[in-house]
Structures are given as C-alpha cells and as structure tokens.
Amino acid sequence: MPITIDELEPETLEWFYKIVEQGFTDEADVTKMRIRYLIPYILQNIDWKEYAIPLEAWQLRYYYQRERFLRKTGLTWENFISHKPMQEAIARLGLEKEPVFEFLLFLSYYYSLRSELKYSSLEQLSLILSAVEASPDSDISMDIKVNNKHYKINDGRFLAQMLKAIDIEQLNGRQFRDVFNQGAARDKIRALDYYMVKTLLDYLPTDKRLRRGGRFSQAERNFGLSVLSLCGRLPDIDREGECSQENNATFDKLMRDFSGQPIPFAMELFL
C-alpha cells in the first residue's frame, strides 16, 4: 500500500529536504510546503539517488513552470478555496489546504497532457498488424493515400505480409519513434478521472481506519467528487453536481469500473 508523508522515515524526508534546499535556496521553505504531500509519491516510485540530473529537470519543470500548470488545467487557488464541499472534506480528513491543492494541480496537469497523447506510428503499426492477423481475409481492406491518390487493397493475406516486411527495428530507432499523429486516445477520460482521484486518496495522509470493510468513508467520497467538480468532470446531470452522499453512486461506480487497473506514474512526465 502507498505510504503517506507521515509514514516516511525521518532520515528519508530529511535527505529530500536537503536536496530541495540546495535547488531552491531562498524559496526552499515555500517549495517544501507546496510539495509536502507529493514527496512520498515521488520517493516511492523513483530512486532519486540514482537520478540526480532528472531531479534538477523536475525542479525546473514543476516549480518554475508552475504558471503553465495553472493555465493548462484552469485550476485556481481562489476556486479551490471557495469550493465549500472540498474545504469541508479537507477539514474532516485532517488535511492541509496548500499541499492538497499542489498535489491536485500536479496530477491534473499530467493527466490533461496524457489525455491528449495519441498512439505513436510504431504503436499504430502494431495494432493494425494484430487486427489483420486476427481477422478473416474477407474482412480486411486498406485504403492507402499516396500523393492525393487512393489505392484500396482488399487482400488480407497480402496486407499481413506487407506489414510484416516493415523493418521494425529501423522504425523504432528513427524519428518515427516519437511522432504522435491521429489515432485512438491513449486513455479514456473516465480512466484518467479514476487515476487522479485514486492516487490522491491513496497518498494523502488521511486516516485510512475511517474506511469500513475497505470502502471509502463519506469524507473521502465527498473529496473525490469535489476533485471531479473542480476539474469540470462532474456533470450537472449527476444530482446537479453535488459533492455529497447524494452522488455516492457516481463515485462508487467510478471506483468499481476501474478497480485494480494499473495507474500510470505521473513522474514519468518529468524524466
């Protein structure tokens, strides 16, 4: 189970704070306050003693480009503070407002970028080849456009041989590797909602004993619904967007639909 800031070994926390002090000097105290709840999430997934240079990159991207986070997500401190259900949930869970906002901002920025990613050319090739091999010949056709001219191929066996003849190693090692073009979205939006809410509930230093039989407490439900509300992901049709037990079904269904699904590690964005 994920550990929280209160469960970190004092030596580990002291070591990380020293790195922050070296990187941010006179702004270290503000930075440590903002990333307080983020620290165990970061340390639990990456051995920063091995990745000294990426830590510097993370400092620059996370802290000095924080304004980009705010512009990209549309989240504001004012809206966060004035969101009554969120503030009530934070108080009931015994949390601090500033580090909660920063953790939410951090994840919202990452998943907003992730929602825009498309399959790479290499990934699309693999998907097409798998589909061709799995389908009967009569079900396969491909429309290829070359210099504004269309060529339609209806021979599935020929298409499979053509795709297999592509040099995957060469494709993987050249510019096509990082080219993102039109294709299916990498993650469904509801899955991203689940990733964000579940990560926050797992890593925030709340009293997990409030959960009964593994079920989230009402304060945690209200918090999760408030996260969706602030991010514009709680439709008005859901009990007019209420972040209370009136919408428990919305929260519970989200947790149930994606239960056990591996959650992408947001720090990958900064490495």
Side-chain angles (χ1 to χ4, degrees), residues 1-66 69 80 86-87 89-111 114 194-217 219-221 223-224 226-227 255 258-271:
M1 289 294 294
I3 60 174
T4 66
I5 185 70
D6 296 331
E7 298 167 319
L8 275 180
E9 294 181 2
E11 296 80 8
T12 302
L13 191 58
E14 182 180 354
W15 166 78
F16 189 81
Y17 277 156
K18 284 183 178 178
I19 294 179
V20 172
E21 289 167 0
Q22 292 172 3
F24 296 101
T25 60
D26 58 332
E27 297 178 315
D29 289 340
V30 174
T31 305
K32 286 188 286 187
M33 179 273 292
R34 284 179 168 173
I35 64 174
R36 176 171 164 75
Y37 293 162
L38 266 168
I39 294 173
Y41 175 78
I42 296 167
L43 292 180
Q44 197 157 289
N45 288 277
I46 286 292
D47 181 0
W48 285 113
K49 293 180 181 178
E50 180 181 351
Y51 291 98
I53 295 177
L55 177 57
E56 295 174 3
W58 170 77
Q59 291 174 349
L60 292 174
R61 292 191 182 189
Y62 174 67
Y63 187 75
Y64 292 108
Q65 297 185 25
R66 183 172 173 273
F69 285 39
F80 173 78
M86 171 63 83
Q87 298 309 314
I90 286 175
R92 288 181 61 187
L93 293 170
L95 299 172
E96 299 173 38
K97 298 176 183 179
E98 290 86 351
V100 168
F101 178 74
E102 295 299 321
F103 204 167
L104 172 60
L105 178 63
F106 175 86
L107 292 177
S108 180
Y109 177 76
Y110 171 74
Y111 289 126
R114 189 177 178 90
Y194 170 78
Y195 298 156
M196 183 158 57
V197 172
K198 185 66 164 56
T199 299
L200 287 166
L201 291 175
D202 281 351
Y203 284 93
L204 289 174
T206 57
D207 187 353
K208 305 301 190 291
R209 294 174 298 179
L210 295 174
R211 300 178 185 178
R212 297 181 178 178
R215 293 171 61 85
F216 290 101
S217 67
E220 289 176 311
R221 286 186 171 96
F223 177 86
S226 297
V227 168
M255 295 295 108
F258 298 95
S259 177
Q261 184 166 322
I263 299 178
F265 177 39
M267 284 303 293
E268 292 171 351
L269 178 67
F270 299 92
L271 298 180

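We number each residue from 1, following the sequence as shown. Everything quoted here is computed from the prediction, not taken from an experiment.
Taking CZ from Phe223 and OG1 from Thr206, the interatomic distance works out to 9.0 Å, rounded to the nearest 0.5 Å. Distance check: Arg92 CZ to Glu220 CD gives 10.0 Å after rounding to the nearest 0.5 Å. Note that CD of Gln261 is 4.0 Å distant from OH of Tyr195, once rounded to the nearest 0.5 Å. Between the OG atom in Ser217 and the CG atom in Leu93 there is a gap of 5.5 Å [rounded to 0.5 Å]. The structure places CZ of Phe106 at 14.0 Å from CZ of Phe101, a figure rounded to the nearest 0.5 Å. The distance from the CG atom of Leu95 to the CG atom of Asp207 is 11.0 Å, given to the nearest 0.5 Å.
With sequence neighbours left out, Thr4 forms a side-chain hydrogen bond (donor to acceptor under 3.5 Å, both in side chains) with Glu7.
In this structure, the side chain of Tyr37 engages the main chain of Glu96 through a donor-acceptor pair within 3.5 Å.
Closest approach of Arg221 to Phe216, counting heavy atoms only: NH1-O, 2.7 Å. Shortest non-hydrogen contact noted between Ala219 and Ala89 is O-CB, 3.8 Å. Closest approach of Ile5 and Arg36 over heavy atoms only: CD1-O, 3.4 Å. Across every non-hydrogen atom of Pro205 and Asp6, the tightest pair is CB-OD2, 3.4 Å.
In this structure, the side chains of Val227 and Met86 come closer than 4.5 Å at one or more pairs of heavy atoms. With a 4.5 Å cut-off on side-chain heavy atoms, Phe258 and Val197 do not count as touching. Lys32 places none of its side-chain heavy atoms less than 4.5 Å from the side chain of Ile39. Side-chain contact check for Val20 versus Ile35: some heavy-atom pair is nearer than 4.5 Å. Looking at Val100 and Phe80, their side chains come closer than 4.5 Å, going by heavy atoms from C-beta outward.
A salt bridge links Arg66 to Glu102: one of the charged nitrogens lies within less than 4.0 Å of a carboxylate oxygen.
Aromatic ring orientation, Tyr203 versus Tyr41: perpendicular (interplanar angle above 60°, classes split at 30° and 60°).
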